[in-house]
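One structure is given below, encoded as structure tokens.
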Amino acid sequence: MRFLVAKGLAGLLVLGSVVAVAACGSSGSSSSASSSSTSGSSGSASSGGKTIDIYSDLPLTGAVTAQTVPALNGEKLALKQAGNKAGQWTVNFVSLNDATATSPTNYDLNVCQANARKAATDPKAVYLVGPFNSGCAEVEIPITNQGGLAQVSPANTYPGLTTNDPGTSPGEPAKYYPTGKRTYLRIVPRDTIQGQAGLVAMKQEGCTRVAVANDKTPYGVGLATQVQLHGKANGITVTGVTPLDPTSPNFRSYASTIKSTGANCVYTAFNPPGEVELVKDINAAVPTAKIFGGDGVCSGGETNPKMGGFPASIAPLFFCTVATQGLTTYPGGKAFLAAYKSAYGVSDPDPYSIYGYEDMQLALKTIAGLGAQGDSKSAVVAALFATKNYAGAIGTYGFDANGDTTLKSYGLYKVGPDGNPLFFKTITVS
Amino acid sequence: MEARSLPTRTASSGGKRALLAIRRAAGRWGLVALLLAFPIYFGAHDLITGYPGYAHGHGTRVHDLTYLGTNVVQGISNGAIWALIAIGYTLVYGIIELINFAHGDVFMIGSMTGVSLWSAIGLGLATSTLGLVVGLPLALLVCMLVCGALNVLIERVGYRPLRGAPRLAPLITAVGFSFILQNVGLLWRGGSTVGVSDLIRENKSVVQISGVVVHRADVLSIGVTIPLVILLGWFVSRTRQGKAMRATAQDPEAARLMGINVDWTISLTFLIGGALAGAAGLVYALYETTIWYLQGFEAGLIAFTAAVMGGIGNLRGAVLGGLIIGCIQQTIDARVGPQWTPFFVFGLLIIVLVLRPQGLLGEETREAG
Amino acid sequence: MNELRAQLQEWRAAIERRLPSWWPRALAVALIAFGLILPQLFSVTSNFVNTEILSLTYVMFALGLNIVVGFAGLLDLGYVAFFALGSYAFGWLGSGWFYKAHVHILVHAPASTIPGIHLNFVLILICAGIFTALAGAVIGVPTLRLRGDYIAIVTLAFGEIIRVFALQGPSLKIFGMPLTGGELGISGTDAPYLPGVGMFSQLNIRPWYYTIFALVLITLFVNLRVRDSRLGRAWIALREDEVAAVSMGIPLVRTKLFAYSLGAAFGGIAGAFLAAYTTLIDAGEFQFGFSIFVLSMVILGGLGSIWGVVLGALLLANINYYLIPDVFNSLPGDLGLNFNLTDLQVSIFGFLLVIVMVLRPQGLVPERRRKLELTRGLGETELEEPGTSWAGVEPGEVVQ
């Protein structure tokens, strides 16, 4: 009896204090699940009544920040260049973080949901940049779809989010769109394209037998599947697809199996974690094999020994594909690089920086083009899907009915003399 | 308060006694058969069906035991690292019956300390052999001291105040320290795996025994583990402090009555366990040339499994368990695929414990007070 | 320090003496009412309510684990296995995953039109509970002959094995369809449909809240009844002294397996609910860390103490999911320091565990039986709480 009182009082106290803190917390900041690691404040002041909200949802904690912080910087650069305005509308930018330090996959599914809910139910929100991970997208898209909010990802490449290409699960993509209408788009080509681009590149470089490895993430698995599915059509024999644990300290046993299959090239469908070790181990076992990667590993962090990448001796054997073809070849590319350098002091940013920049620019220009209708979620969605021949920093493109970009060209990158990836060829997938 | 396993009923008739003897023999030999099952199966498979090889520009099938030999050699060298960590677990458990969850993370700190130390004293890829011969043992010593001290500190702060507390309370403190150490690692070296300079050129072969290549990495691992284990064995069985440790493990109350300073003995145990974990950390960094802030969590799991499989509280059991698991891992990694390795390792553990509940070399630990 | 404690004890005893006898019941009702009103105080998509949904799910997990570790004294380190099995039960029975089958039982559109196995939400929860209960019994069998801490490693081993199957699911085919989605996950699960409430949506999380609240109330009810039943007393007897308990005629195997099964069932149902709420069953979620997290809640709250475990679960879940990432995260920035509290989340959590356990090793609300054990007959120790006595306890009354 007495103990029940103690428990009850304690329970009441806990609940009461948590509620009090919650009430203070939620009323205090407008972006409680946010705060990027580069700046403390996350929004521009909203003035008057003509404001709209643009959200960004990226994983901003952990190892992935090497790519997501440049993406976020790109977004902010675009905003700054536009003076925080989209036509007649003043933009209130809210940056959300879907990562938690304890989550092993970097993004936390429940946090992804919470962020999507926040954006989708905000009456002034008209655009969501993100997410970064395809797994996060799988839970976010149904929510933003129900809220009618336009969601444009700068990074998701898993085909099942927009199409039912071979290699996707049954029921995709319809299961992500409960309203039946599309509200999700992406400015990067999906892995169906990238896989084929990789195969074309490998064929051109003389590969005949290719071993494929993936890092078990949705991105890795999807990309590897696409390479496997289209191998024969491109005249390449895929000797096998092997899932590897990216956190494994070494991949020697895998590398030795490659040797016995007689593969002369290896395709690594990996994200940064584990890639450097994998390349080193493959090279140790098969010193003549050429190693290919997707856009997940096409950055200095992997290729530049000074940034923790693999040794320079392996550099001539490494190639990777990115959806951008050398920033300097685009009309907008040089300007972007210059602006990025002056804003952040980095002259060779991660390729995701321009994706973030492009995503935000697309948002601003689309909203501006709608004039007085710029604060209508449905108008923004319709305008995005109607985009054709849009001249952006990554090229001229539009979107198809699935929300996929019409860009089908990939850049093939080698390791340049400074250790960072250097564009040297365009690969166009038919 | 502690649940003991049920005493087996004494057989009343000769028939039942014989049955019991058969069961016991089956249990013991069954266990041996189980452990030898993998090498025998894969050995036979290699000899009869052959394994894929590559020679003269095309795929061939090779029919010898070299592949198995490679697996075993790498298994032993890998397993030696697990053995060092497992000893720490088993020592601590033997003396205060605590599963020290923070132990694996002490190992991780050891790795990180070692790597930072190299950069601090200037060891790099360009260092001469002499420099390495002097620098690395120095680094080893420092790592062992640092980790030993860390372990003693954790014991002092987290476990000693809870000596009289419910049995599971220090378990949670251990978990808490594990998290704290992980965060230290996260802040120290970031969230992804970090490449480490290959100081000893670990892939260079040292000797070839009938086709099986022994790399420098293997020599390092075994070369550090064997002396340490022998040293520890001597310490525990021959010195006074070692005797004190054994006495405390058997019955702390009686040990105290005999004038042994139990607190000091426990601290010594933690010191030794931590030092071995530190040594394992340095060896790991040189062996794998990669470190990661979560490596301790996973290594701890494997080492704990090894300690239990060998019989928790038993030193030789921990070493045996570590070596067995190392071999299983390498064999399954190479032949079935690394994604299935945990299944085999843990499956084997379960079967071992079903056949022999006290572990391979386990004995009765002290009775509950 | 001891004087302060004695003073607090006196005040507490004085207050308790003045309260009417119906006070505990009124308090329970008040707490339940508070819990019911809570979501109405916040918006339909409030992040705080979202956290409370997660917290209540963890309460259910913790109560389930409490049966195994607290009541029966079996150290289970593989509780994540039941979380995984419950989640996958929902994935298999409530989505289009097994697309070759066409089973629809009591479902509403759009689930009734999609291929796959689609059962009513309540049916799925029941099936998940039964499935995990069976799995619990299976996992329990090898541990029957083992000593205390060996049970821990075997259950841990099972947890890891289940994880391997979850990850390797895509390559394991059943009737030509993959078993699980691995790390890509089983996505697009059905939204629950309850008559009167309608279809659950992700844009209005109140129905979700009330569902898990109801589940927690049911769990509490079952726990309280079981604890005071013969089975509950059998568990406690086994925990305290197995040999004596068996000599008194308690069926060892049945009692232990029942503990595993019941604990697993709650874990499975909570896992199924969480899968429904998250709409994605990603094999990456099922890690050993989850088992430790739930175990911490149980031990922190007070091993074997039902209300303690509830308190421990609410506290740790709120701290981990709300206070640190959401509320305190901007604190350093506000104070002018340049770091993200999320980066320190793990160590803050660890620090908290250490502090609470060192200061109060018996847990926040210790099981009363343990408290009495420690105070009766053992002389003065740090843990003694003067004032506790057997007075007022009826003969035959089970002391919790």
Side-chain angles (χ1 to χ4, degrees), chain A residues 1-12 14-15 18-19 21-26 29 32-35 37 40-41 60-61 97 99-102 104-105 109-111 113-114 116-118 120-121 134-135 138-139 142-143 146-147 158 169-172 175-176 178 216-218 221-222, chain C residues 12 16 19 21 23-24 27-28 31 34 38 42 44-48 50 54 96 99 110 114-116 167 181-185 187-188 201-203 205 278-280 282 284-285 287 289 307-308 310-311 314-315 318 320-323 325-327 329-330 333 340 342-343 345-346 364-365 368:
Chain A
M1 228 179 345
R2 281 171 278 172
F3 51 89
L4 186 53
V5 173
K7 294 179 269 220
L9 283 172
L12 210 56
V14 165
L15 276 171
V18 176
V19 172
V21 172
C24 296
S26 53
S29 59
S32 41
S34 69
S35 209
S37 44
S41 74
L60 296 171
T61 312
N97 180 359
T100 56
T102 48
T105 49
L109 291 173
N110 294 111
V111 179
Q113 282 184 306
R117 249 181 245 129
K118 182 181 241 175
T121 53
S134 297
E138 290 179 17
V139 299
I143 298 178
Q146 285 182 313
Y158 177 60
S169 299
E172 286 179 340
K175 58 172 150 174
Y176 302 119
K216 304 199 279 189
T217 60
V221 172
Chain C
R12 179 168 140 189
E16 286 170 359
L19 293 170
S21 60
W23 174 252
L27 191 63
L31 279 173
F34 181 71
L38 195 68
F42 296 89
V44 288
T45 55
S46 152
N47 199 26
F48 177 67
N50 174 46
L54 295 175
Y99 57 93
I114 311 174
L167 287 169
E183 288 185 353
L184 278 169
S187 58
S201 131
Q202 284 291 330
L203 291 181
I205 58 178
T278 316
T279 71
L280 173 65
D282 176 353
E285 304 173 70
Q287 307 233 348
W307 296 106
V310 171
L311 189 64
L314 285 175
L315 207 63
N318 271 296
N320 196 39
Y321 286 110
Y322 191 73
L323 288 179
D326 233 21
V327 175
N329 202 33
S330 45
N340 227 337
T342 327
D343 295 337
Q345 191 177 349
V346 186
L364 294 172
V365 185
R368 191 156 168 242

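By convention in this document, chain letters (A, B, ...) are assigned in the order of the sequence lines, proteins followed by strands, and residues within each chain are numbered from 1.
The two atoms that bring A/L109 and A/G135 nearest to each other are CD2-O, 3.9 Å, heavy atoms only. In terms of heavy atoms, A/N110 sits closest to C/T278 at ND2-OG1, 3.4 Å. Closest approach of A/A120 to C/L203, counting heavy atoms only: CB-CD2, 4.0 Å.
With respect to chain A, the highest number of heavy-atom pairs below 4.5 Å among C/G188, C/G116, C/S187 belongs to C/S187. Across A/G222, A/G147, A/P170, A/A116, the residue that shares the most heavy-atom pairs under 4.5 angstrom with chain C is A/P170.
Looking at A/V139, both its backbone and its side chain come within 4.5 Å of chain C, counting heavy atoms on both sides. Heavy-atom distances place no part of C/L364 under 4.5 Å from chain A, backbone and side chain included. For A/Q113, the part sitting under 4.5 Å from any heavy atom of chain C is the side chain, from C-beta outward, and nothing else. For a residue to count as touching a neighbouring chain, one of its non-hydrogen atoms must lie under 4.5 Å from one of that chain's; by this rule C/L280 touches chain A with backbone and side chain alike.
For C/V310, the side chain to side chain contact (heavy atoms under 4.5 Å, CB included) criterion is met by C/V59, C/L63, C/L220, C/L314, not counting sequence neighbours. Residues passing the side chain to side chain contact (heavy atoms under 4.5 Å, CB included) test with A/S169, sequence neighbours excluded: A/Y158, A/E172, C/W97.
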